Amino acid sequence: MNKCDFTILNFDSIDSTSTYLKRTYKEQKDLTMVFASYQTMGHGRMKRVWVSPKGESLLFSILFKNKNIIDNFSSLSLLGAVTVFRFLSKYVSNVSIKWPNDVYVNNKKICGILLESISYSEGIEALVIGIGININTKNYPSELINKATSLYLETNKIFDLEVLKDDLRPFLEEMVNLIINNDKGYLEIVRNYNYLKNKVVKAIINEKEEEVVVLDINDDNTLLVKKDNKTYSLSMGEVTLHEL
Ligand code: BTN
């Protein structure tokens with residue numbers, strides 16, 4: 001595996017590691033990685049707010065300007081989830097991947113991933129992947145108690161975030177190498193640890209809400225679902241999932 005030339009920036013507090021990279025990408029090098037202890041305007045998919053108390057999570061974003069990576073961007077969300085899956089599996093069992101880009105432990109979300117692109121008229125100029133992993137959080141508000149978890153809640157241990165950052169690095173290096181080489185091996189892990197497999201979910205397809213059964217993940221990263229004995233392939237941008 002080649003070593004990657006990450007440039008690492010650390011912030012105590014920032015609006016959002018992803019917003020920072022999107023704002024400054026022109027002057028940043030490819031593979032700049034931004035960590036923050038606290039985000040004042042962290043955000044997730046569907047414009048949701050991503051809140052994390054100070055010093056309790058790994059919050060970071062990586063900028064990709066390399067053309068090979070940009071060309072393979074459709075793999076990056078799931079590959080990011082597989083990367084976090086591998087990393088967390090060092091510390092805890094029962095880790096699974098929820099298509100398109102969340103990581104779960106014991107049926108609760110421990111990590112969210114957001115892939116954003118910076119486009120110009122001729123295509124995508126850069127990608128920013130933002131990752132939030134819940135590490136030392138001890139309590140969640142009542143509305144999240146059954147939905148969110150942290151490494152602390154799963155193991156009863158407090159983790160040193162600086163040590164975890166170092167541990168994470170080889171996993172991120174592997175992620176970069178796999179995507180540059182367009183290696184599809186990650187799909188096997190997504191399929192074997194597919195949180196949604198055989199679950200009934202509500203999917204909003206073409207503005208209509210349908211109940212579908214999740215069958216598998218296709219080679220092109222779409223979700224294979226079944227409804228009334230017909231199968232459909234759902235792509236990431238077109239569907240919102242609600243578990244029943
Ligand atoms: C989601 O589950 O909706 C995705 C959440 C992504 C959160 C991370 S935290 C680091 C980076 N900065 C952000 O503002 N968002 C991502």
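Quick caveat: nothing in here was measured; it's all calculated off a predicted structure. One-based numbering, in listed order, for ligands and for the atoms of each. Only this structure's heavy atoms are used, side chains among them; waters, hydrogens and symmetry mates stay out.
- Ligand 1 lies within reach of His43, whose nearest heavy atom is under 4.0 Å from it.
- Contacts between Met46 and ligand 1 below 4.0 angstrom, taking non-hydrogen atoms only, are absent altogether.
- Between Phe159 and Tyr91, the two ring planes are perpendicular [angle over 60°; tilted spans 30° to 60°].
- Closest protein heavy atom to atom 5 (C) of ligand 1: Trp50 CE3, 3.3 Å.
- By the 4.0 Å N-to-carboxylate-O rule, Lys202 lies too far from Glu211 to be salt-bridged with it.
- Less than 4.0 angstrom separates some heavy atom of Gln39 from each of these atoms of ligand 1: 9 (S), 10 (C), 11 (C), 12 (N), 13 (C), 14 (O).
- Distances between N or O atoms of Arg45 and those of ligand 1 include at least one value under 3.5 Å.
- Between Tyr193 and Phe85, the ring centre distance stays below 6.0 Å.
- For ligand 1, the atoms closer than 4.0 angstrom to any heavy atom of Gly132 are 8 (C), 9 (S).
- Of the protein's heavy atoms, Thr17 OG1, 3.3 Å lies nearest to atom 11 (C) of ligand 1.
- The atoms of ligand 1 that sit less than 4.0 Å from any heavy atom of Asp102 are 2 (O).
- Both tests pass for Lys138 against the ring of Tyr152: distance under 6.0 Å to the centre and angle within 45° of the axis.
- No salt bridge links Lys54 with Glu56; every basic N to acidic carboxylate O contact stays at or beyond 4.0 Å.
- Of all protein heavy atoms, the one lying nearest to atom 2 (O) of ligand 1 is Lys109 NZ, 2.6 Å.
- Taking the ring axis of Tyr140 as reference, the NZ or CZ atom of Lys147 does not stay both within 45° of it and closer than 6.0 Å to the ring centre.
- Contact atoms of ligand 1 toward Phe60: 10 (C) (distance under 4.0 Å to a heavy atom of the residue).
- A cation-pi arrangement is absent between Lys90 and Phe87, since the terminal nitrogen or guanidinium carbon is not both under 6.0 Å from the aromatic centre and inside a 45° cone about the axis.
- For atom 4 (C) of ligand 1, the nearest non-hydrogen atom from the set Ile131, Ile129, Thr19, Ile113 comes from Ile113.
- Ion pairing between a basic and an acidic side chain is recognised when a charged N comes within 4.0 Å of a carboxylate O; Lys108 and Asp102 show no such pairing.
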